[in-house]
Visitor: 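Take this structure, written in structure tokens, and hold onto it; I'll ask about it next.
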Amino acid sequence: MACARMVKHLGLPLLLLLLALAAECNSMSPPEKPDKLGCRSPDKETFFCWWTPGSDGGLPTVHHLYYKTEGQENMRQCPDYHKAGSNSCFFSKTSIWVEYTVIVEASNALGNTSSDPLTFDLMNIVKPFAPENVTVVVNIEDSPHLTIQWHTPSNIDTKSGWVTLKNQLRVKPDKSKIWKNYASETQTHFTIYSIDLGVVYMVEVRCAIDNSWSEWSNTTFVKVPNFSRKDNSFWIMVFSLCLIPLLVAMIILILKRKTVKKYILPPVPSPKIRGVDVQLLKSGQSEDVINAMLLNQRFPVMIPWKDQKEDYLIVSDKETSYLPLEKKKIFILPLAMTLDSEVQSKETSEVDHFPKDSESSSEESSDKTESSQLLTKCSSANVLNDEKANQLKGVTEKIFQPFGISGYVDIPRHEHMQEADYSRVNEVNGDNILIMKKENVPHTLDTQGQEGSVPDNYSMVKEVNSDNMVFLEKHSESVNASFKAKGYIDWVNQKPKNLHMTGHSEMGVCPQLVGCEYVDTVPPPAVI
Amino acid sequence: FLFHKWNLLCVVTMCRAVPINDLIYRASQQSDKLHALSTMLTQELGSEVFPIDRVHACHTSSLQTPTDKEQALQVSESDLLSLARSLLQAWSDPLVVLSSSTNVLPYSAQSTLSKTIQKMQEHSKDLKDGLDILSSKMGPAAQTITSLPFIETNEIGQDKITKLLSCFRRDSHKIDSFLKVLRCRAANMQPQMC
């Protein structure tokens, strides 16, 4: 209102004044300089700049951005004002490691105003956008863990190697203030195991190009459940299933403990004496004990030797050798056989016969050793037998029967000769060697018509083979060596025939010779 | 125990030669660390210490390097390696000068600077060894190193320090980028390397 009055009063100068005042009242002015310039490259290839315009001075204002790189003289205008939004400039084609200078100019009808210049290198303004599509999955089977996945921001070229991304994520329970950082190189997934049940977690992710980090992504909230129902009931079931058979087994064991005890710890057999009551012994009444012991025992009946059973054995004299030693063996064999037969029939001949082999193992072994001794000695068996009987007092089992008593070999033909023959035996060696005494043999031994020295001197015999060969000793002290040798040779040469002859007609060939049956090598002189 | 040198990988008592892919991967990891250190240094010391407008006068500016992505992807592997080695070689002396000039800066920045520069020297040395071995396996073109001498040998003033650190940030980024391109190209069968 004051303006109108003033206009009325003054006139033309007032008109000019009016214009000035009008301008003042309506605030038309050149634009303010744009402020807060910034530029950013999200992919190390392109970048965009933005600014904040100042007041426009009441007039329509236009902004222009000018830039230049180092080494250029003139400023160039922004190639794209729209792609990056209002008050921005987008550069698609850029250079790196060169210095950029950017200026924004605001202009209106009244004037232009430029901003402060901004200088930068592309490498300094690189800053990627935050990762996209962050997903968090909670997994509580096995051990609870979070699986986090995300995508790299779009439009970043990682294939050529021009851009390499690094990733980082951070996690914290929502009630805590401290973040836990985790690094992930180029992977876009990550797993975190150290989480607690029943907690709400916050997860954020960011990435970097050349050590320049993006902002943190939007927070993802995730709740970890308290417990796993399924897990619990499963384990309870398993536990109870295992427990029931265990309880059942224990009950069975307790009920049948006696049987079990018998099975695990079988009773050890203790020596028992028939007719002796252990309890009675323990009770300590000696009279009863003695009575029990005496009455219940059956002592073996002693039978004179004459009533003994006699076993005969026919010895065949055809092919087998006739050395007295062998006869001794023959002695041995049937005895063993009779012993066996007697052992088998132990039940029947308890009282009448001599008791047979004992059954107890300890006594058996002692018997066997004793039996071997008896074999070699073959004498005074009677005495031993009695002694044995005394030792085995009270034993109802059979007593071992000695050898030399029950059986002997009876050779019908040359019984008496046999004795004479034995008288000449000096020594019996192991196998087939018979060493005769060096004495004048009675004529019965001499062969008819032959030199006496030949069959006499059995000491010359070194070895008697099974096939009628006699090996003579080298006797250097022989008196008539040649004579003897001759005799021997003759004697040897005639051997096979003689044997043959001997085998067939025993009686005719050697009627009175003792050694015929026993010493194979004596030829009858009658054959020659 | 594990012994990991550039050309040998030893586990307990068995050693084997490191394959080229592993060499390149390890080299790129070292260059990444180097660049991270220089970036951290510039960020910690504040932007007022590093006026950007004086960067263009680095002692390594004479070396021709690609200026954008397309150009960089067209450089051969041998040339990429040669460029990286040349740049790395050019900074061994300046880093020594830098480490002895920290007393010029304000006290609060001194310890950070000296520690970081020492680490940068270590990583530089290790990377240099690795690239030497790598180049020996890649042919004669990779062996050439352009000499980029550094003139200053005495202590330098604060403005020179800031300028040097800015130059180093750029050059370490170049080395890192070249090696990462090389690494991706060498690992055709393994996309996770890129």
Side-chain angles (χ1 to χ4, degrees), chain A residues 37-39 41-47 67-72 91-103 116-127 152 155-168 183-189 207-213, chain B residues 24-25 28-29 31-40 42-43 47 50-58 60-61 63-74 77 80 87 166-167 169-188 190-194:
Chain A
L37 257 68
C39 297
S41 169
D43 53 8
K44 204 175 163 184
E45 283 182 68
T46 64
F47 71 89
Y67 72 97
K68 78 175 180 83
T69 57
E70 71 183 77
Q72 282 178 346
F91 294 82
S92 56
K93 195 149 185 331
T94 62
S95 299
I96 193 168
W97 303 312
V98 292
E99 199 175 271
Y100 273 85
T101 311
V102 167
I103 280 178
D116 293 332
L118 182 67
T119 55
F120 57 89
D121 190 331
L122 181 62
M123 72 171 186
N124 295 338
I125 60 167
V126 171
K127 186 172 178 180
T152 59
N155 301 327
I156 290 182
D157 171 28
T158 52
K159 288 180 191 171
S160 62
W162 182 244
V163 173
T164 50
L165 281 170
K166 266 195 290 193
N167 293 285
Q168 204 180 62
S184 162
E185 285 293 313
T186 52
Q187 287 174 331
T188 57
H189 56 90
C207 58
I209 297 174
D210 296 344
N211 297 303
S212 178
W213 290 100
Chain B
I24 295 175
Y25 188 79
S28 70
Q29 279 184 320
S31 66
D32 186 80
K33 273 190 213 153
L34 197 57
H35 176 248
L37 283 168
S38 73
T39 307
M40 183 206 70
T42 55
Q43 281 167 1
S47 57
F50 297 96
I52 308 294
D53 57 354
R54 292 180 202 159
V55 175
H56 60 273
C58 293
T60 54
S61 304
L63 188 64
Q64 288 280 338
T65 56
T67 53
D68 61 27
K69 175 187 161 185
E70 282 80 17
Q71 279 186 27
L73 293 180
Q74 282 164 13
E77 290 89 357
L80 281 172
L87 285 169
S166 303
C167 286
R169 189 181 171 190
R170 176 186 273 184
D171 287 341
S172 66
H173 190 251
K174 282 186 187 178
I175 295 165
D176 190 40
S177 301
F178 296 156
L179 291 178
K180 281 175 179 168
V181 171
L182 193 60
R183 161 176 114 182
C184 192
R185 250 193 249 171
N188 288 331
Q190 297 162 305
Q192 71 270 13
M193 289 276 263
C194 292

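The structure presented is a predicted model; accordingly, all values stated were derived computationally and were not measured. Residue numbers start from 1 in every chain, and the chains themselves are labelled A, B, ... in the order their sequence lines are given, proteins ahead of strands.
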Visitor: I need the contact set between residues 31-40 of chain B and chain A: heavy-atom distance under 4.5 Å, sorted by residue number.
Guide: B:Asp32, B:His35, B:Ala36
Visitor: At what distance, to the nearest 0.5 angstrom, does CE of A:Met123 lie from NE2 of B:His173?
Guide: 7.0 Å
Visitor: Find the one option among A:Lys93, A:Glu185, A:Glu45 whose heavy-atom pairs under 4.5 Å with chain B are most numerous.
Guide: A:Glu45
Visitor: Would you compute the distance between atom CG of A:Asn124 and atom SG of A:Cys39 and round it to the nearest 0.5 angstrom?
Guide: 11.5 Å
Visitor: Would you name the heavy atoms of B:Asp68 and A:Thr94 that are closest together and state the gap between them?
Guide: CB-O, 3.4 Å
Visitor: Using distance alone, with no hydrogens and no angle criterion, decide if B:Ser177 and A:Lys44 have a side-chain donor and acceptor under 3.5 Å apart.
Guide: yes
Visitor: List the residues meeting ring-ring contact (aromatic ring centres under 6.0 Å, His included) with A:Tyr67, not counting sequence neighbours, and say none if there are none.
Guide: A:Phe91
Visitor: Hey, are the side chains of B:Lys174 and B:Thr60 touching, using non-hydrogen atoms and a 4.5 Å cut-off?
Guide: no
Visitor: Heavy-atom distances under 4.5 Å only: say whether A:Ser95 touches chain B with side chain, backbone, both or neither.
Guide: both
Visitor: Would you give the length of the straight line joining atom CG of A:Asp43 to atom NZ of B:Lys69, rounded to the nearest 0.5 angstrom?
Guide: 8.0 Å
